[in-house]
Every structure is written in structure tokens, then in C-alpha cells.
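Side-chain atoms are counted along with the backbone in the values below, which use heavy atoms only and exclude waters and symmetry mates. Position 1 is the first residue of the sequence, and the numbers go up from there.
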Amino acid sequence: MVRFGTSPFIDCGSDRRFSAAHARIRARAGRSIEQIYRNVRRFPGHLIGLPRERARHLVEIHRQEVARFYAALWDEYISENPRLLEPLCAAKGVTEDAADPAQPSSAAELWRIRTEVLKLAES
């Protein structure tokens with residue numbers, strides 16, 4: 001479980017607007033963040049495109065680079081869907097129950113984006 005802030009939370013597992021499995025990026029052929037991310041992850045033995053369940057216990061190659069790419073995907077998605085900034089910034093917290101704290105998560109990236117937007121608004 002990954003959780004930031006306090007209740008009421010945006011639940012990335014149930015709110016399709018903020019779910020990596022449903023967040024589609026038009027500039028990337030309408031593929032979901034989850035599809036794109038799964039296809040760039042690399043594991044020993046040249047394994048790629050593994051489902052989350054199978055990849056969960058494997059050590060990823062280039063982990064930091066892929067984490068930066070995952071963050072960029074969320075930035076692209078929000079940039080294509082700026083109307084989502086209002087509900088994101090209005091939320092007091094973001095949670096993702098199925099997320100592994102050691103892996104990039106929708107909740108972490110959305111909280112980062114929310115924090116950056118609110119800081120800019122204060123300036």
C-alpha cells in the first residue's frame with residue numbers, strides 16, 4: 001500500500017481517471033500508462049513486458065531510469081488532461097492499495113504533481 005496525505009483520498013485503484021491501467025496518453029497511440037511502463041521494464045535474461053504479478057519479485061535493470069520514465073508518463077497524461085488538476089489538488093490525499101512502496105506508483109507520482117502545482121500556485 002502507498003498512501004500520501006490524509007482523507008479524503010483519491011484511490012488510484014478505483015478512480016479510473018487516476019489509474020495507470022486506465023490513464024491513456026493520446027500522444028502514445030492511446031496506450032495506458034501501465035501498458036507503456038510494462039513494455040519498457042527490463043529484467044535479467046532480457047525479459048520485457050512482464051505482467052505486474054510476475055515482475056513483482058524480480059530485480060529490474062535500470063530501475064532509476066525507468067522510474068523517471070514512469071514519472072514523465074504521468075506528467076504527459078496530466079498535461080493532456082489539465083482538467084484533472086482541479087480534483088487532484090482538491091484531494092487531501094492519494095492512495096494505491098495494490099502498490100509496492102519499492103516500485104514507482106500512481107499515487108506517488110500524482111502526489112508529486114499535486115505538490116508541485118500547489119507550490120507554483122503559492123508563488
Less than 4.5 Å apart, side chain to side chain, heavy atoms only: is that true for [X] and [Y]?
X: Gln103; Y: Arg63; answer: yes
X: Lys92; Y: Ser7; answer: no
X: Asp11; Y: Phe18; answer: no
X: Arg114; Y: Glu116; answer: no
X: Phe4; Y: Leu110; answer: no
X: Arg3; Y: Val94; answer: no

Discussion item. I need the minimum non-hydrogen distance between Pro87 and Ile10, along with the two atoms involved.
Written reply: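 The answer is O-CD1, 3.7 Å.
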Item to complete: Test Cys12 against Thr95 for side chain to side chain contact (heavy atoms under 4.5 Å, CB included), laying out the working first.
Response: CA-CA 6 Å; Cys12 297; Thr95 187; over 6 Å; no
Worksheet item: Any ion pair linking Arg112 and Asp75 (charged N to carboxylate O, less than 4.0 Å)?
Response: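 Counted as a salt bridge, because a side-chain N and a carboxylate O are separated by less than 4.0 Å.
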Worksheet entry | Backbone of Ala102 reached by a side-chain donor or acceptor of Asp100 within 3.5 Å |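 Checked: pair present.
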Worksheet item: Under the 3.5 angstrom rule, does the side chain of Glu96 hit a backbone N or O of Ser105 as a donor-acceptor pair?
Response: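 Here the side-chain-to-backbone pair does not exist.
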Discussion item. Quick one, Ile78 with Val117, criterion side chain to side chain contact (heavy atoms under 4.5 Å, CB included). Give me CA distance, side-chain angles, the key distance, then yes/no.
Written reply: CA-CA 11 Å; Ile78 294 296; Val117 167; over 6 Å; no
Discussion item. Would you say Ser106 and Tyr77 are linked by a side-chain donor-acceptor pair, where the criterion is simply a distance under 3.5 Å?
Written reply: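 Per modelled atom types, Tyr77 and Ser106 side chains form no pair under 3.5 Å.
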Item to complete: With side chain to side chain contact (heavy atoms under 4.5 Å, CB included) as the test, would you mind laying out the steps for Tyr70 and Ile33 before giving the verdict?
Response: CA-CA 8 Å; Tyr70 189 75; Ile33 290 174; 3.6 Å; yes
Item to complete: Kindly write out the residues that satisfy side-chain contact (heavy atoms from CB on, under 4.5 Å) with Thr115, not counting sequence neighbours, or none if the list is empty.
Response: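 side-chain contact (heavy atoms from CB on, under 4.5 Å) check on Thr115 returns Trp111, Lys119.
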Worksheet item: Which pairs with one or both residues in residues 23-33 pass side-chain hydrogen bond (donor to acceptor under 3.5 Å, both in side chains), sequence neighbours excluded?
Response: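 Listed once each, the pairs are Arg24-Gln35, Arg28-Glu76, Ser32-Gln35.
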